[in-house]
Amino acid sequence: MRFYHYILLPCLILITGCSSSGSVAQTKTATNIVQHIDISKVKTVKIANLHASFLNSRDASPHHETVIEIKGDVVAFSLTEDNLYTVTLREGESDAICYFNNSISDEIGTGMKIHRGATLTVRGQCFTSGLFSSKPFTLDGCSIVD
């Protein structure tokens, strides 16, 4: 019976520990970093290039934990159970999931700034997604760039 405990515990840690993106604490920290970044240090990166840097690198992507800007069309948005907003941007064939705090609640929906088909430039801190995520990276603490 103890043998199962030795197997079960690492499996649970692996599953729960591999999805750090989109947590309330991470979004709060990333929002603070994004708001106070020296704009001259922010690079604009194509979503396809981000995908490639996270999927093709044996080491961590050079964009991991950096603040970047991306541009794309809104293809989806939702509210998580932790009251974080997710906005999925698409550029060509590549998607990016962007996590926002509730400060965008008045800007999201039909007829608003964030709606399906809108083209947005978003600034956020880039993180590797969890092991079981369908996307290789996420942007956290996002803000819309005017």
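Inter-residue side-chain proximity for Lys41 and Thr66 is flagged as unmet; no heavy-atom pair is nearer than 4.5 Å. Counting only heavy atoms from C-beta outward, the side chains of Val74 and Val87 approach each other to under 4.5 Å.
Rounding to the nearest 0.5 angstrom, the gap separating the CG atom in Leu120 from the OG atom in Ser143 is 11.0 Å. The line from CZ of Arg90 to OG1 of Thr119 is 13.0 Å long, rounded to the nearest 0.5 Å. Within the model, atoms OG1 of Thr128 and NZ of Lys135 stand 15.5 Å from one another, a figure rounded to the nearest 0.5 Å. In this structure, the separation between CZ on Phe127 and CD on Glu65 is 5.5 Å, given to the nearest 0.5 Å. Separating the CD atom in Gln125 from the NE2 atom in His64 is a distance of 8.5 Å, to the nearest 0.5 Å. For the atom pair CD of Glu107 and OH of Tyr85, the computed distance is 10.5 Å after rounding to the nearest 0.5 Å.
Across Gly117 and Asp73, no two heavy atoms sit closer than the pair O-OD1, 4.4 Å. Counting all heavy atoms, side chain and backbone alike, Cys98 lies closest to Leu89 at SG-CD1, 4.1 Å. Closest of all the heavy-atom pairs between Ser53 and Ser61 is OG-OG, 2.8 Å.
For the pair Asp38 (side chain) and Ser40 (backbone), a donor-acceptor distance under 3.5 Å is present. Of the possible donor and acceptor atoms, one in the side chain of Arg116 sits under 3.5 Å from a partner among the backbone N and O of Val75. For the pair His51 (side chain) and Asp95 (backbone), a donor-acceptor distance under 3.5 Å is present.
Two rings, from His63 and Phe137, have their centers 6.0 Å or more apart.
Screening Ile33, Thr31, Asn32 for a side-chain contact (heavy atoms from CB on, under 4.5 Å) involving Thr29 leaves a single residue, Ile33. For the side-chain contact (heavy atoms from CB on, under 4.5 Å) with Ile68, the qualifying choice from Leu139, Thr44, Val122 is Leu139, the only one to do so.
Linking Ile, Leu, Val, Met, Phe, Trp and Tyr residues whenever their side-chain heavy atoms come within less than 4.5 Å leaves Phe100 and Val34 in two separate clusters. Hydrophobic cluster membership is shared by Phe77 and Ile144, with clusters built from Ile, Leu, Val, Met, Phe, Trp and Tyr side chains linked at under 4.5 angstrom.
The existence of a salt bridge linking Lys46 and Glu91 is confirmed by a sub-4.0 Å separation between a basic side-chain nitrogen and an acidic carboxylate oxygen. Taking the charged nitrogens against the carboxylate oxygens, Lys28 and Asp140 have no contact shorter than 4.0 Å, which rules out a salt bridge.
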